[in-house]
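Following: one structure in structure tokens, then a few remarks.
Atoms considered below: every heavy atom in the structure, side chains included; atoms not considered: hydrogens, waters and symmetry mates. A, B, ... follow the sequence lines: proteins, then strands. Residue 1 opens every chain.
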Amino acid sequence: MLQIFNTRTRRMEPFEPTDPKAVRVYVCGVTVYDDCHLGHARMLVVFDLVVRYLRRLGYGVRYVRNLTDIDDKIIRRAAELGEPFDHLARRMIDRFHEDQEALGIAPPDVEPCATAHIEAMISLIDRLCTRGAAYQGANRDIYFRVARFPAYGTLSGRRLEELRVGSRIGIDETKEDPLDFVLWKAAKPGEPAWPSPWGSGRPGWHIECSAMSMALLELPIDIHGGGQDLEFPHHENEVAQSEAATGRPFVRYWIHNGFVQVGEDKMAKSQGNFMTIREALERYDPETLRLWLLASHYRSPVAFTGENLARARSSLERFYLALRGLPEPVGVDPAVFAPWESRFAAAMDDDFNTPDALAVLFDLAREINRVRAEDPMRASRLGAGLRELARVFGLLGSDAEVFLRGNRHGVSDEWVEDQMRERQRSREAGRYAEADRIRQTLLDAGILVEDGPGQQARWRRRPPSAS
RNA sequence: GGCCAGGUGGCAGAGUGGUCAUGCAGCGGCCUGCAAAGCCGUCAACGCCGGUUCGAUCCCGACCCUGGCCUCCA
């Protein structure tokens, strides 16, 4: 049975969805003011994995992941660029979708934009006001009254007093309590604004996820996820708003993924140490990026280094080398496959333990290599099993030969084939010195030649070394 | 300062109270015209100090170190 580490309780808990036919998943997506970086990629890949695995377990899943298309950063960036904020957002959404597709992320079932749900946010805020959980400050902004929600701090494991003592909470005269957070911002001149009972303005950040998740999923939501940096205050505030407004439990399992690190630091826009997804895709193929991210447990930090990426690429080559040249599988053989499948499932059931599951895939690859000479059909069936399990990772979906040959770097396939034929003639004539010289020529061009049994020789591209 | 997470072999990275993680790298062998790939074997670790235990990397306590959150953030 699937066990999930629930941030709220900081324990492993058996996963029991409210409705197994429609598991409700909400993930906080991205703010569309700039291209996404590898930190976002990790979030996308991790929750893609979660949803894929839930579906593999037979659950029906309704996966909602939002787009924040109105906020301070968007307004500021749009002003810098001299374009309307919604125009900038639209452009970034398109680019985000390109990134998503390139990474092989299955799109969510629903991808709501904040600006399409302003009405829902207003009515939610209105409800909070009615219940005394919100108030209007002297600056006309609407704030959530944290004091009215005793459970505040439960998710992130903080106590109100500790937070108030925290040196980094700024004093704001318009708030009753420094912990109160904004629900609705009164419009300033020139800013995008929507009409509301409190005057024209725009939503605060946290409210959108409460409003959209409730609008698109029934409460309680089974799984609500996002990056670890959203744990506090964003998700804490979501809980407060949502539960104060409805009086019902908001989320059952909270899942937070760890960071991508550069050196000793978290990769972040504000640190200036980021690499965008599209920049990364110029240097690494999508499967390498995915495997790199999944080779660590989702809650652990993962380091962005050339060495780690090269390692991921090597791992992938090992898998594809095992799959290369297998006969077409004739069908599934449960007796052969079941033991591997159950080991894989045991790993994944343990809070999505991808490194452990990956070890199973490596063992499977070794078994394929072990039996391929004597029992090609068995090897082929195992290969089909390997591919099936790897699909949960979004990996090994390519043709092995195509992957190994690559297609983006260096010399043309035609030239390589010419050289191969030339070399083959030399070999057949026993002119090994010449054959070796051609091998070296190819190697210098990034092409690795592998002589197989009999006459067949194969080649593959070595990826450009990742410095 | 408060809170959270973590410190595992050369590197990456799981895990367990007492026989195997896994991958890369290394070493030895097999295979190969050579090589690559592959297979077999092999080396090697659990931050530090105490405690519990027949036995601890795994449990408890102290300490040291690292990262994160407390402000926008995946």
> Reckon D451(A) touches a base, only the sugar-phosphate, or nothing at all at heavy-atom distances under 4.0 Å?
Replying inline: base
> What nucleic acid atoms does G157(A) come within less than 4.0 Å of, heavy atoms only: base, sugar-phosphate, or nothing?
Replying inline: sugar-phosphate
>> With a 4.0 Å cut-off on N to O distance, would you call R95(A) and D99(A) a salt bridge?
In response: no
> Quick one: the side chain of R311(A) and the base of rA12(B), do they pair up donor-acceptor inside 3.5 Å?
Replying inline: no
>> If I pick the C1' atom on rA44(B) and the same atom on rG61(B), what distance separates them, to the nearest angstrom?
In response: 31 Å
>> With a 4.0 Å limit, can you tell me whether S300(A) has a side-chain N or O closer than that to the phosphate oxygens OP1/OP2 of rA14(B)?
In response: yes
> Rounded to the Å, how far apart are W459(A) CH2 and rA37(B) P?
Replying inline: 17 Å
>> On the side chain of R343(A), is there an atom forming a donor-acceptor pair with the base of rG15(B) - under 3.5 Å, no angle test?
In response: no
>> Looking only at the side chain of D229(A) (C-beta and beyond, no hydrogens), which of the listed nucleotides rG67(B), rC34(B), rC69(B) gets closest?
In response: rC69(B)
> Whole-Å distance between rA5(B) P and Q228(A) CD?
Replying inline: 10 Å
>> Nearest to the L321(A) side chain among rA37(B), rA14(B), rA12(B), which nucleotide is it?
In response: rA37(B)
> Which part of the nucleic acid, if any, lies within contact of R10(A), taking any heavy atom under 4.0 Å across all strands shown: a base, the sugar-phosphate backbone alone, or nothing?
Replying inline: sugar-phosphate
> Is the shortest side-chain N to carboxylate O distance from R405(A) to D399(A) below 4.0 Å?
Replying inline: no
> What's the CZ-P distance between F319(A) and rC24(B), to the nearest Å?
Replying inline: 10 Å
>> Looking at R290(A) and E287(A), is any side-chain nitrogen of the basic one under 4.0 Å from a carboxylate oxygen of the acidic one?
In response: no
> Given the P atoms of rA12(B) and rC46(B), what is the spacing between them in whole Å?
Replying inline: 16 Å
> With a 4.0 Å cut-off on heavy atoms, is R366(A) in touch with a base, just the backbone sugar-phosphate, or nothing at all?
Replying inline: sugar-phosphate
>> Work out how far the C1' atom of rG47(B) is from that of rC40(B), and round it to whole angstrom.
In response: 36 Å
> Salt-bridged, R391(A) to E388(A), with N to O below 4.0 Å?
Replying inline: no
> From rU22(B), rG15(B), rA74(B), pick the nucleotide closest to the side chain of H37(A)?
Replying inline: rA74(B)
>> Counting the atoms with a prime plus P, OP1 and OP2 as sugar-phosphate, which does F259(A) contact under 4.0 Å by heavy atoms, base, sugar-phosphate, or nothing?
In response: base
>> Please report whether the ring centroid of F96(A) lies less than 6.0 Å from that of H40(A).
In response: no
> Can you check the M420(A) CE to rA36(B) P distance for me, whole Å?
Replying inline: 16 Å
> Closer to the 5' end of RNA chain B via nearest nucleotide, is it S314(A) or E367(A)?
Replying inline: S314(A)
> Could you state the CD-C1' distance from E231(A) to rA5(B), rounded to the nearest angstrom?
Replying inline: 10 Å
> What class does the angle between the rings of H235(A) and H256(A) fall in, given that below 30° is parallel, 30 to 60° is tilted and above 60° is perpendicular?
Replying inline: tilted
> Choosing from rU22(B), rG33(B), rC3(B), which nucleotide comes nearest the side chain of D363(A)?
Replying inline: rU22(B)
> Which one of V260(A), L294(A), L289(A) satisfies the side-chain contact (heavy atoms from CB on, under 4.5 Å) criterion with R42(A)?
Replying inline: V260(A)
> If the P atom of rG9(B) is compared with that of rA14(B), how far apart are they to the nearest Å?
Replying inline: 13 Å
> Contact class for G258(A) vs. all strands (heavy atom < 4.0 Å): base, sugar-phosphate, or nothing?
Replying inline: base
>> Within the 4.0 Å limit for protein heavy atoms, which parts of nucleotides 41-47 of chain B are touched? Write it as a string from 5' to 3', B for base, S for sugar-phosphate only, - for none.
In response: -------
> Over how many whole Å does the gap from R462(A) atom CZ to rC24(B) atom P extend?
Replying inline: 14 Å
>> One thing to verify: whether R299(A) and E231(A) come together as a salt bridge, which I'm taking to mean a side-chain N less than 4.0 angstrom from a carboxylate O.
In response: no
> Under 4.0 angstrom, heavy atoms only, what part of the nucleic acid is K73(A) near: base, sugar-phosphate, or nothing?
Replying inline: sugar-phosphate
> Any donor-acceptor pair under 3.5 Å joining the side chain of R439(A) to the base of rC34(B)?
Replying inline: yes
>> Between the base of rG33(B) and the side chain of D436(A), is there a donor and acceptor pair under 3.5 angstrom?
In response: yes
>> Categorize N257(A) for me: base, sugar-phosphate, or nothing, with a 4.0 angstrom heavy-atom threshold over every strand shown.
In response: base
>> Rounded to whole Å, please give me the gap between CG in L443(A) and C1' in rA35(B).
In response: 10 Å
> Between rC58(B) and rU53(B), how far is it from one C1' atom to the other, in whole Å?
Replying inline: 13 Å
> In terms of side-chain heavy atoms of R460(A), which of rA14(B), rA37(B), rG67(B) is nearest?
Replying inline: rA37(B)
> So, are R77(A) and D34(A) salt-bridged, with charged N and O less than 4.0 Å apart?
Replying inline: yes
> Could you state the CZ-C1' distance from R427(A) to rC34(B), rounded to the nearest angstrom?
Replying inline: 9 Å
> So among E208(A), H117(A), E111(A), which one has a side-chain hydrogen bond (donor to acceptor under 3.5 Å, both in side chains) with N66(A)?
Replying inline: E208(A)
>> Taking rC65(B) as the reference, what is the distance to rG23(B) when you measure between their P atoms (whole Å, please)?
In response: 36 Å
> When we call it a touch if two heavy atoms are under 4.0 Å apart, what does V27(A) touch: a base, just sugar-phosphate, or nothing?
Replying inline: nothing
>> For a quick check of understanding: with a heavy-atom distance under 4.0 Å over all strands, which category does T354(A) fall into, base, sugar-phosphate or nothing?
In response: nothing
>> Rounding to an integer number of angstrom, what distance separates rC3(B) and rG41(B) when you compare their C1' atoms?
In response: 50 Å
>> Are the side chains of E98(A) and E101(A) in contact, using a 4.5 Å heavy-atom criterion?
In response: no
> Which part of the nucleic acid, if any, lies within contact of F362(A), taking any heavy atom under 4.0 Å across all strands shown: a base, the sugar-phosphate backbone alone, or nothing?
Replying inline: sugar-phosphate
>> Let me spell it out: for each of R324(A) and A433(A), pick the nucleotide of RNA chain B with the closest heavy atom. Which residue's pick is nearer the 5' end?
In response: A433(A)
> For RNA chain B, which consecutive runs of 3 or more Watson-Crick or G-U pairs (each distance under 3.5 Å) count as stems?
Replying inline: B:1-7 with B:64-70, B:10-12 with B:22-24, B:26-30 with B:38-42, B:49-51 with B:59-61
> Salt bridge between R461(A) and D413(A), side-chain N to carboxylate O under 4.0 Å?
Replying inline: yes
> Between E236(A) and R158(A), does at least one N-O distance fall below 4.0 Å, as a salt bridge requires?
Replying inline: no
